[in-house]
Colleague: 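One structure, pasted below without further comment.
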Amino acid sequence: MGKKSLSSSSQSWWWRGWRYLHPQHNLRRPQLLAVFIISFVALTFLLSGLESLSVEHQLVVSRLNKELITLKNQLENVKKHIRSWSIVEEEDDPLNVERRRAVKEAMTHAWTCYEMYAWGHDELQPQTRDGVDSFGGLGATLVDSLDTLYIMGLDEQFQRAREWVAKSLNFNKNYEASVFETTIRVIGGLLSAYDLSDDKVFLEKARDIADRLLPAWNTPSGIPYNIINLRYGDAHNPRWTGGKSILADAGSEQLEFIALSQRTKDPKYQQKVEYVIEELHKTFPADGLLPIYIDPHTGITSYSKISFGAMGDSFYEYLLKAWIQGNKTESVTQYREMWETSMKGLKSLIRRTTPSSYAYICEKTGSSLSDKMDELACFAPGMLALGSTGYGPDEAEKFLSLAEELAWTCYNFYQTTPTKLAGENYYFPAGQDMTVGTSWSILRPETVESLFYLWRLTGNKTYQEWGWNIFQAFEKNSRVDTGYSGLKDVSSGEKDNMMQSFFLAETLKYLYLLFSPPSFISLDEWVFNTEAHPLRIATRHANGETYSTIGQGRLQERFHGRKGRSGSN
């Protein structure tokens, strides 16, 4: 009964409502018809407006959804970026955490003093508390330090440096610049900062300075001159080389210029530096050892010494690292082949002392060997360890063993002096182990660099201990209230007046990485230039023009060569 009664009532209400909407009912009532028509028209306009609003709303919502998806993707990339860069201290060796913090504090001290007393200048003079423009006023320490600041998580300092680069770094200078030093420090530093941060201001600046250096390669042989005027493009070689180009200076721009071509999609930079290798390959000797002077007109080496120290070193280093930079593909095989040939030559220069059997690398002129080794040559143990992985098991073990022997020698360059800091070079007289030659010490990184590679590749914590001992010696003998100073003499400990830019770019960076997990700046994804600037490895394909990046971004004998400066401040 209840249900039936409810149904009947609802039907009666519906019918009464419909009757008022029926035309015949309203024709008999004109006023109601007018109201009906007006209501209908108003309702039509309202619905039309709502429909239009709905379409606009849908467009807005669609656009917002797309933006949301983009933001989600960016957030995910940031999360990946953070995961790849963060050092999870809870899972890390507590001793490494403590040591890493100490190195970071040293970097903070060095940088703060540079900011305070030498901001924008090339290098800090700690004793006189001022800056000096050793490289033409290109902010060498600032640019050299960009990636170190980024890697150590010194974000505020990095941002201030970034602003200076964007607003104040000017290359239009009437200055005779070293092509080599400008390449490894400035182009290398800017490209590394770009690879780490993905900030295009660094890439734009790198391209600007590279374009100013390119005329140096306009020689009859393609072997570049070593000096160029940044404003006018006039290039030449120094008088003291007899007009010759220096091997390390002319043959160590491959990593930076190849990387620049990859990032800008402009092949001209790569073409210039790879032509140098092609020219040298034409007359490459059977032992792979080249004298330090090359005639830029003929491309032929001149009679001069062979050295893995000053003026020769980084040429051999870049043969290996260009192969690694190209991800070891067929396109870069020639680099590896040339390097392996040179390593056969290196082995012919190895001698050992009496009584302690320290292995060292001789220098050679003609057929005569000199029992002298630069601290600069202490990059070689790291290079040998890094390159050993490309050999078969037996040969790899031999090269790694040689690397470890040489590293022990280099560590003892430090341990055998009163200050526990190494001199500039060493001699090995008959019946003696080693004696200091040039006795200054200018905060050099080469030994620490090799310890970093050996620890990464062997896992042997002994190399971390050696590195820590060297760091403590820097802290004890080189640290001052206004920065870090080199030593005029490693026996007396008398300080000089220069904080070298490579101390921040290389020495402290390698020490920091020595106490960081191996996955942090992985050697599978990054290759370091000779100024310790990490560049992303990019696979070079068969045509030599296309690349795929590994990992995700977003890091009065003058001492020329890897670190070509006199150091006699």
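Positions are given from 1, in the same order as the sequence printed here.
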Colleague: Is it true that a side-chain atom of Ser450 and a backbone atom of Cys378 form a donor plus acceptor pair closer than 3.5 Å?
Modeller: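 Confirmed, Ser450 side chain pairs with Cys378 backbone.
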Colleague: Taking the six-membered ring for Trp, are Phe308 and Phe379 parallel (under 30°), tilted (30 to 60°) or perpendicular (over 60°)?
Modeller: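 It falls in the parallel class, under 30°.
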Colleague: Between Ser192 and Pro534 (side chain of the first, backbone of the second, donor and acceptor by atom type, cut-off under 3.5 Å), is there such a pair?
Modeller: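 It does hold such a pair.
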Colleague: Looking only at heavy atoms, what is the nearest atom pair of Leu535 and Ala259, with distance?
Modeller: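 So the two residues come closest at CD1-CB, 4.2 Å.
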Colleague: Below 4.5 Å, heavy atoms only, C-beta onward: do His109 and Tyr484 meet side chain to side chain?
Modeller: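 His109 reaches Tyr484 side chain to side chain.
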Colleague: Would you say that more than 12 heavy atoms from the other residues, nucleotides or ligands in this model lie under 6.0 Å from the CD of Glu397, or not?
Modeller: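 12 or below, so no.
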Colleague: Given Glu375 and Tyr414, is the side chain to side chain contact (heavy atoms under 4.5 Å, CB included) satisfied, shown in steps?
Modeller: CA-CA 10 Å; Glu375 197 282 336; Tyr414 286 78; 3.6 Å; yes
Colleague: Under the 3.5 angstrom rule, does the side chain of Ser342 hit a backbone N or O of Gly288 as a donor-acceptor pair?
Modeller: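 Checking the backbone N and O of Gly288 against the side chain of Ser342, a donor-acceptor pair under 3.5 Å is found.
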Colleague: Side chain of Thr329, backbone of Arg540: donor and acceptor closer than 3.5 Å?
Modeller: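 Yes, because the side chain of Thr329 sits within donor-acceptor range (under 3.5 Å) of the backbone of Arg540.
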Colleague: Kindly indicate whether the side chain of Leu213, heavy atoms from C-beta on, has any atom under 4.5 Å from the side chain of Glu253.
Modeller: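 They are not in contact (no side-chain heavy atoms under 4.5 Å apart), so the answer is no.
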Colleague: When the aromatic ring centroids of Phe503 and Tyr114 are compared, is their separation below 6.0 Å?
Modeller: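 Ring-ring flag for Phe503/Tyr114: false, centres at least 6.0 Å apart.
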Colleague: Under 3.5 Å, is there a donor-acceptor pair between the Tyr318 and Glu256 side chains?
Modeller: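 There is such a pair between these side chains.
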Colleague: Using a strict cut-off of less than 4.0 Å between a Lys/Arg side-chain nitrogen and an Asp/Glu carboxylate oxygen, indicate whether Arg336 and Glu340 qualify as a salt bridge.
Modeller: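 A salt bridge links Arg336 with Glu340.
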Colleague: Angle class for the Trp408/Trp466 ring planes (parallel below 30°, perpendicular above 60°, tilted otherwise)?
Modeller: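 Tilted: the ring planes of Trp408 and Trp466 meet at 30° to 60°.
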Colleague: Hydrogens and angles aside, do His236 and Glu176 bring a side-chain donor and acceptor to less than 3.5 Å of each other?
Modeller: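 Note: His236 and Glu176 side chains meet the donor-acceptor criterion.
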Colleague: Side chain to side chain donor-acceptor pair (under 3.5 Å), that's the test. Do Thr419 and Asn477 meet it? Break it down for me.
Modeller: CA-CA 7 Å; Thr419 57; Asn477 296 285; 5.0 Å; no
Colleague: Please examine the side chains of Met499 and Glu123, heavy atoms only from C-beta on, and report whether any two atoms are closer than 4.5 Å.
Modeller: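 Result no, sub-4.5 Å side-chain heavy-atom pair not found.
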Colleague: State the CG-CD1 distance between Leu255 and Ile187, to the nearest 0.5 angstrom.
Modeller: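 It is 12.0 Å, given to the nearest 0.5 Å.
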Colleague: Do side-chain atoms of Asn425 reach the backbone of Met373 as a donor and acceptor pair under 3.5 angstrom?
Modeller: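 Side chain of Asn425 to backbone of Met373: no pair is present.
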Colleague: Does atom CD of Glu465 have more than 12 heavy-atom neighbours from other groups under 6.0 Å away?
Modeller: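 Atom CD in Glu465 is crowded, with more than 12 foreign heavy atoms closer than 6.0 Å.
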Colleague: Under 3.5 Å, is there a donor-acceptor pair linking the side chains of Thr530 and Glu317?
Modeller: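 Yes, Glu317 and Thr530 have a side-chain donor paired with an acceptor closer than 3.5 Å.
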Colleague: Show the nearest heavy-atom pair for residues Thr447 and Cys410, with the distance to one decimal.
Modeller: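 Minimum heavy-atom contact is OG1-CB, 3.6 Å.
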Colleague: Does the cation-pi check pass for Arg444 over Tyr510, that is, NZ or CZ under 6.0 Å from the six-membered ring centre and within 45° of its axis?
Modeller: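 No - Arg444 does not lie over the ring of Tyr510 by the 6.0 Å and 45° rule.
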Colleague: Would you call Thr219 and Ser245 a side-chain contact if the rule is heavy atoms closer than 4.5 Å?
Modeller: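 No; the side chains remain at least 4.5 Å from each other.
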Colleague: Name the orientation class of the two ring planes belonging to Tyr360 and Phe428 (parallel below 30°, tilted from 30 to 60°, perpendicular beyond 60°).
Modeller: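 Correct class here is parallel.
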Colleague: Looking at residues at least two apart in the chain, or sitting in another chain, which of them share a salt bridge (Lys or Arg N to Asp or Glu O under 4.0 Å) with Lys476?
Modeller: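 Lys476 satisfies salt bridge (Lys or Arg N to Asp or Glu O under 4.0 Å) with no other residue.
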Colleague: Shortest non-hydrogen contact from Ala140 to Phe135?
Modeller: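 Taking every non-hydrogen atom into account, CB-CD1, 3.7 Å.
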Colleague: Do Pro126 and Asn497 touch side chain to side chain, with heavy atoms closer than 4.5 Å?
Modeller: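 They are in side-chain contact.
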Colleague: Quick check against the 3.5 Å criterion: does Asn529 have a side-chain atom that pairs as donor or acceptor with the backbone of Ile184?
Modeller: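 Yes.
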Colleague: Apply side-chain contact (heavy atoms from CB on, under 4.5 Å) to Lys420 and list each qualifying residue two or more places apart in sequence or on a separate chain.
Modeller: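 Counting only residues at least two positions away or on another chain, Lys420 forms a side-chain contact (heavy atoms from CB on, under 4.5 Å) with Gln415, Ala473.
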Colleague: Spell out, as yes or no, whether a donor-acceptor pair under 3.5 Å connects the side chain of Lys104 to the backbone of Tyr512.
Modeller: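 Absent.
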Colleague: Any donor and acceptor pair, going by atom type alone, linking the side chain of Ser441 with main-chain N or O of Leu421 inside 3.5 Å?
Modeller: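 Such a contact is absent between Ser441 side chain and Leu421 backbone.
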Colleague: Which pair of non-hydrogen atoms, one from Phe474 and one from Thr507, has the smallest distance, and what is that distance?
Modeller: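 Where Phe474 meets Thr507 most closely, the heavy atoms are CE1-CG2, 3.8 Å.
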Colleague: Which heavy-atom pair separates Gly467 from Leu514 by the least distance, and what is that distance?
Modeller: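 Looks like CA-CD2, 3.7 Å.
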Colleague: Answer with yes or no whether the side chains of Asn218 and Lys272 bring together a donor and an acceptor at under 3.5 Å.
Modeller: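 There is such a pair (donor and acceptor under 3.5 Å, judged by atom type) between the side chains of Lys272 and Asn218.
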Colleague: Closer than 4.0 angstrom, basic N to acidic O: yes or no for Arg99 and Glu475?
Modeller: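 Glu475 and Arg99: not salt-bridged.
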Colleague: Does Asp249 use its side chain to pair, donor to acceptor, with the backbone of Asn226 at less than 3.5 Å?
Modeller: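 No, because the side chain of Asp249 does not come within donor-acceptor range (under 3.5 Å) of the backbone of Asn226.
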Colleague: Answer whether the closest heavy-atom distance between the side chains of Ser304 and Thr365 falls below 4.5 Å.
Modeller: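 SC-SC contact between Ser304 and Thr365 ruled out.
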Colleague: Would you say that more than 12 heavy atoms from the other residues, nucleotides or ligands in this model lie under 6.0 Å from the NZ of Lys347, or not?
Modeller: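 Count over threshold, so yes.
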Colleague: Should Tyr358 and Phe413 count as side-chain neighbours, where that means a heavy-atom distance under 4.5 Å?
Modeller: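 Not touching, per the 4.5 Å side-chain cut-off.
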Colleague: Mind checking whether Phe284 and His281 have parallel, tilted or perpendicular rings, split at 30° and 60°?
Modeller: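 Plane angle under 30°, so parallel.
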Colleague: Check whether any side-chain N or O of Asp133 sits under 3.5 Å from a backbone N or O of Asp122 as a donor-acceptor pair, and report yes or no.
Modeller: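 Side chain of Asp133 to backbone of Asp122: a pair is present.
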Colleague: Pro296 and Asn237: which non-hydrogen atoms are nearest, and at how many Å?
Modeller: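 That closest heavy-atom pairing would be CG-ND2, 3.7 Å.
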